[in-house]
Amino acid sequence: MGKPQEPQLHIIVQEVKEENSPQYLNSKKLTSPEPRNYKWWICIIMYTFFVIFGQSASTLLARLYYDKGGKSIWVATLSQLAGFPILIPCYCLAPPKSCTKNEQIQKPSALILALVYFSFGICLAAFSLMYSIGLLHLPVSTFSLICASQLAFNALFSFFLHSQKFTPFIIISLVLLTISSTLLIFQTDPASHTEVSKGKYATGFLCTIGASAGYGLMLSLTQLSFKKLLKGETRAKVFEMVIYQSLVATSAAIVGLFTSGEWKGLSIEMEEFELGKFSYAMTLIETAIASQFFVVGTIGLIFEVSSLFSNAISVLGLPIIPILAVIFFHEKMDAIKAIAMVLAIWGFVSYVYQCYLDNKSSKSEYRSGSEVSKSPLLEEVS
């Protein structure tokens, strides 16, 4: 009876040795997330600040442009896109990529990268135009609450593109955010901020919903490009992607500005701007800078975590905008807006709690995986 047990013991010991081999441990690192260091957390905090600050500032400044006499949707669109040159020094000073990590990774061709950046740029210009139309016809508080629906759209696209799991808390989050946006359709006084007809209000609502859906898809595709095409790249790729897609989007907006003929009225618009010519220029410049903060933060969070997490941080900043709109633009905070804001915050908290549970689970998996090297069988064999 003793001899047949020896081969079985030998097989078990051999399996344990293989599990403790460098090849197995390296593959285990790829599937089990390691605890993040302080540099990673600093990056996450920095990108989060960029998203919240950039989103709030750019939205309020764009609303200021319309309120004080601005009428061109193409100028408003261009102001969201044309600030990318300020990122060029950051891109040039970014640390180079490590050859030891990336030398075995097949890089995409320049043609494929150009096609990806061009496609993202055209989409970015289209969605920015739709956002500009939405903000023109909607109060800024209503606009920002509708934008919260992009988290639901992004989660849906992430389900198909990244096999995102729909846990009960994520489902609750999506339902609450959907209800939050839908409630705004039933506002009794859509023209409470400015004299806007119901037709223009509906146009603004549909454009904002459409832009939120399209932007949610674009964020999911951005994550897919980092996963499939830009594997092993450094954070310099974040600036590269922003610069090239913004260059394409800015070019498209300039073509739209001249094709539409709106450029002919810019001198009159500047003269009639209530705050003066200097404030007119500064409003557009500050909008461009704030928008770049937002874009860099958004793509940075996608690069470090995921598109769904990036969108969740964006939704976190949206309830701030209606409060600032009440302070600076004296908008009314009626019952429907208040309920919608509470539901949006509730939906975000539900999603963040699910992220907490996922992080806790991944840490326990990592700890259990690291204990393989402490097997008593190896100690007996040695």
Side-chain angles (χ1 to χ4, degrees), residues 53-88 121 124-144 147 189-205 207-208 211 246-295 321-322 324-332:
F53 166 76
Q55 179 177 245
S56 302
S58 61
T59 303
L60 293 175
L61 287 168
R63 180 73 258 176
L64 180 67
Y65 165 77
Y66 285 133
D67 279 2
K68 300 303 178 182
K71 301 175 183 177
S72 173
I73 57 174
W74 282 109
V75 169
T77 302
L78 192 59
S79 67
Q80 300 175 46
L81 306 170
F84 69 91
I86 66 173
L87 302 178
I88 295 177
L124 182 61
F127 302 147
S128 297
L129 177 64
M130 294 172 72
Y131 277 131
S132 297
I133 296 173
L135 191 57
L136 174 64
H137 298 311
L138 297 175
V140 66
S141 54
T142 303
F143 171 83
S144 62
C147 287
D189 185 17
S192 59
H193 180 69
T194 54
E195 295 182 358
V196 178
S197 65
K198 292 183 177 180
K200 290 183 178 180
Y201 181 86
T203 300
F205 183 89
C207 283
T208 306
S246 296
L247 175 62
V248 174
T250 300
S251 302
I254 292 174
V255 172
L257 177 64
F258 282 93
T259 303
S260 66
E262 289 187 359
W263 65 275
K264 298 177 182 178
L266 292 184
S267 58
I268 299 175
E269 182 177 285
M270 187 180 297
E271 291 285 347
E272 296 178 351
F273 196 70
E274 295 180 16
L275 301 178
K277 294 181 180 179
F278 178 77
S279 296
Y280 178 86
M282 289 304 300
T283 299
L284 297 178
I285 292 173
E286 290 168 1
T287 302
I289 295 174
S291 297
Q292 292 308 305
F293 272 96
F294 172 70
V295 175
I321 299 176
L324 295 176
V326 172
I327 297 173
F328 293 107
F329 297 108
H330 308 292
E331 291 189 0
K332 295 179 181 179

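Index from 1, following the sequence.
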Check your understanding: Can you name the closest pair of heavy atoms from Ala249 and Gly121 and give their distance?
Key -> CB-O, 3.2 Å
Study note, to complete from the structure: Value for CG (Leu81) from CD (Gln292), rounded to nearest 0.5 Å, stands at 8.0 Å
Practice item. On the 0 to 90° scale, with breaks at 30° and 60°, tag the Tyr131-Phe143 ring pair as parallel, tilted or perpendicular. Key: perpendicular
Check your understanding: If you look at every heavy atom in Ser246 and Phe84, which pair is closest and at what distance?
Key -> CB-CB, 3.6 Å
Check your understanding: For the side chain to side chain contact (heavy atoms under 4.5 Å, CB included) test, which of Glu269, Glu271, Lys68, Glu274 pairs with Tyr280?
Key -> Glu269
Review point. Quick one: does Ser128's side chain have a donor or acceptor within less than 3.5 Å of a partner on Thr77's backbone?
Key: no
**Study point:** Minimum heavy-atom distance between Trp74 and Ser260, given as atom pair plus value
**Key:** CD1-OG, 3.3 Å
Study note, to complete from the structure: Minimal heavy-atom distance between Ala57 and Ala290, with the atoms involved, is CB-CB, 3.8 Å
Revision key, fill the gap. So CD1 of Ile73 and CG of Leu129: to nearest 0.5 Å the spacing works out to 5.0 Å
Revision key, fill the gap. Closest non-hydrogen contact found for Gly134 with Thr208 is CA-OG1, 3.4 Å
Check your understanding: Counting distance only, does the side-chain N/O of Ser79 pair as donor-acceptor with the main-chain N or O of Ala76 below 3.5 Å?
Key -> yes
Review point. Does atom CD1 of Ile268 have more than 12 heavy-atom neighbours from other groups under 6.0 Å away?
Key: no
Practice item. Would you check if the side chain of Arg63 reaches a backbone N or O of Pro139 as a donor-acceptor pair within less than 3.5 Å? Key: no
Check your understanding: Which heavy-atom pair separates Ser72 from Leu257 by the least distance, and what is that distance?
Key -> OG-CD1, 4.1 Å
Review point. What is the distance from atom CG of Leu247 to atom CG of Leu124, rounded to the nearest 0.5 Å?
Key: 11.5 Å
Exercise for review: Give a yes or no on whether the backbone of Ser56 and the side-chain of Thr59 come within a donor-acceptor separation of less than 3.5 Å.
Suggested key: no
Point to revise | Leu61 side, atom CG; Met282 side, atom CE - distance, nearest 0.5 Å | key: 10.0 Å
Review point. Rounded to the nearest 0.5 Å, how far does CG of Leu135 lie from SG of Cys207?
Key: 11.5 Å
Check your understanding: Hey, what do you get for OH (Tyr65) to NZ (Lys71), rounding to the nearest 0.5 Å?
Key -> 10.0 Å
